[in-house]
Amino acid sequence: MSEYFKSPKLKRIAIFVVIVWAVLQLALAVYFYGAQQLSDPGHYINIANRTMSVSNWYPNQSSVYTFYIWNPGMINYLIAQINLLGSVNYNSFFNIAMNLGLVGMLYFLGKTYFDKNVGYAAAILYCITYSNLFVPLSAGTEVPFLFLALGAFCLAHFRRLDLVFLAGLVFALGNWVRPFVLIFIAPLIILFIIQRRSILTYVLFFSAYAALTFTIGKISEKECGYFVTQSTTTGANLIQTANDKAYGGVATTIFNDKSSPAYIKDKSHLTFKERDAFLKKEAIKWIKENPERYAFLYFKKIFGLFSEDSWADRPLLGEDAFMDMYFVREEISTSEFAAEVGTRLLKSTVYYAICILFFYTIIKRWRSLISARALLLLILFLGVGITCLFSVSPRYHYPFFFVMVLFAAQSIVHWISKYYWKKAREIPQNPELLKD
């Protein structure tokens, strides 16, 4: 029904919101310029700085006996910034540019799978979500990964073979930053099949992806002796949700708990590959012995994954290990827990509204899903399905939350359309409306 009205006002509102949003991000980037970063971003920066003392590539020989190889693409990106600019203090400004690019991609997908109005509405919803204001400020993988993965997904929608080849290269870079591109590639291949793309399309796409991935692996092999193309954190992420104290979330304290299957005695002589193999073996063993418990945790993690959306400020403001402190270490009281949860829920108000609108759209307009739009939902379902195999955190919904934003925007545009349609019908009976 959105075709019933023109959208100059919606377009102007979207442009205004994006500009204000960009200015706010820049102001926050200046305010937090050079601030110490905690959690994963802080670790990435520390690894990048340590690597600089021995090599310009991660992983290298000094990485062989570390706990695991951690998002090598992201760390090499930070190393490049240090080499070129002397520090990673400008990273947030690069992230803001990518975040603006993501708004453009969201508009493109809205226009492609729905119409322009949905694209405008989706851009507005994306900008007013709390996490999307703070996420560029830290050196996490979230923005670079989604910029690469979603960018490649959008590029491949064009039938030009050179852009398909480029998409394959960009997906390989995305996988290097964070090994999660499968949730985008699988729906894209289905799209190729639906559109009856030529065999050359598949050849160029996969050859580009394989060639760059192989090149990255060979460089890593030269530097550290192992063919590494992505993180080796599978075992660590799985064991955190496959032990007797597991609650479904991230709980790194189990690695130092001697009663936990995640504890490795005399681990200093083990390589990252050997540690990963050990943790995967122990996790799979626990899952086989406790299938009902693991299944219960799996479905519990779906709720944990979407529980709130205030995570983006924690690398700068702290409290990232809050859940672990309450559920595992029992270091904070119930009243302190309730107060912090209340704050997080308040910051997530817009996020919850989007979630409600998403489910409303799926239920109310389910017939519209019998179309290419189902490919967008497949990204969401794959993202949730794969993520919940491992320990989860609310921030892990970020790579596929944009799908929920698009469908939420569809309902908003539908309601606006109904208003304009009704208003148009009233004009002959009420000429005063012409003065609006």
Is it the case that the side chain of [X] and the backbone of [Y] share a donor-acceptor pair, with hydrogens and angles ignored and the cut-off at 3.5 Å?
X	Y	answer
Tyr58	Met74	no
Gln240	Ala236	yes
Ser371	Ser368	yes
Ser39	Pro41	no
Asp276	Phe272	no
Arg293	Ala246	yes
Asn60	Cys224	no
Ser55	Thr51	no
Thr129	Ser131	no

field: With sequence neighbours excluded, residues passing ring-ring contact (aromatic ring centres under 6.0 Å, His included) with Tyr294
entry: none

- request: Hey, could you give me each pair passing side chain to side chain donor-acceptor pair (under 3.5 Å) that has a residue in residues 133-146? Not counting sequence neighbours.
  value: Glu142-Arg395

query: According to the side chain to side chain donor-acceptor pair (under 3.5 Å) rule, which pairs have a member within residues 179-195, sequence neighbours left out?
result: Gln195-Arg197

Residues that Glu274 engages under salt bridge (charged side-chain N to carboxylate O under 4.0 Å, His left out), provided they are two or more places apart: none

Can you give each donor-acceptor pair under 3.5 Å made by side-chain atoms of residues 151-161, sequence neighbours left out, with the distance rounded to 0.1 Å?
residue: His157; atom: ND1; partner: Phe153; partner atom: O; Å: 2.7
residue: His157; atom: NE2; partner: Tyr113; partner atom: OH; Å: 2.6
residue: Arg160; atom: NE; partner: Asp162; partner atom: OD1; Å: 3.2
residue: Arg160; atom: NH2; partner: Asp162; partner atom: OD2; Å: 2.7

message: According to side chain to side chain donor-acceptor pair (under 3.5 Å), who are the partners of Asn49, at least two apart in sequence or on a separate chain?
response: none

message: Thr229: which residues meet the side chain to side chain donor-acceptor pair (under 3.5 Å) condition with it, sequence neighbours left out?
response: none

For a quick test of your reading: what N or O donor-acceptor pairs under 3.5 Å do the side chains of residues 345-356 make, sequence neighbours left out?
residue: Lys347; atom: NZ; partner: Asp313; partner atom: OD2; Å: 2.7
residue: Ser348; atom: OG; partner: Asp309; partner atom: N; Å: 2.8
residue: Ser348; atom: OG; partner: Arg344; partner atom: O; Å: 2.7
residue: Thr349; atom: OG1; partner: Leu346; partner atom: O; Å: 2.7
residue: Tyr351; atom: OH; partner: Phe306; partner atom: O; Å: 2.9
residue: Tyr352; atom: OH; partner: Ser307; partner atom: O; Å: 2.5

field: Geometric class of the Phe214/Phe227 ring pair [parallel <30°, tilted 30-60°, perpendicular >60°]
entry: tilted

task: Evaluate the ring planes of Tyr360 and Trp415, with Trp represented by its six-membered ring, and classify them as parallel (under 30°), tilted (30 to 60°) or perpendicular (over 60°).
output: tilted

Can you give each donor-acceptor pair under 3.5 Å made by side-chain atoms of residues 172-194, sequence neighbours left out, with the distance rounded to 0.1 Å?
residue: Asn175; atom: ND2; partner: Gln230; partner atom: OE1; Å: 3.1

- prompt: Could you give all pairs that pass the salt bridge (charged side-chain N to carboxylate O under 4.0 Å, His left out) test and reach residues 55-82, with sequence neighbours left out?
  reply: none

- request: Give a yes-or-no answer on whether the side chains of Asn71 and Ser231 include a donor-acceptor pair shorter than 3.5 Å.
  value: yes

- prompt: Can you list every ring-ring contact (aromatic ring centres under 6.0 Å, His included) pair that touches residues 77-106, not counting sequence neighbours?
  reply: Tyr33-Tyr90

task: Would you mind checking if Arg314 and Glu308 are paired as a salt bridge, meaning a charged N to carboxylate O distance below 4.0 Å?
output: yes

Name the atoms and distances for all side-chain donor-acceptor pairs under 3.5 Å in residues 374-392, with sequence neighbours left out.
residue: Thr387; atom: OG1; partner: Gly383; partner atom: O; Å: 2.6
residue: Ser391; atom: OG; partner: Asn237; partner atom: O; Å: 3.3

field: Reported CZ-to-CZ distance for the pair Arg365 and Arg373, which is rounded to 0.5 angstrom
entry: 7.0 Å

- line: Rounded to the nearest 0.5 angstrom, the CH2-CE distance for Trp57 and Met52 is 14.0 Å

- line: Minimal heavy-atom distance between Ala122 and Val405, with the atoms involved, is O-CG1, 3.5 Å

message: Do Tyr120 and Ile13 have side chains that approach each other closer than 4.5 Å (heavy atoms only, starting at C-beta)?
response: no

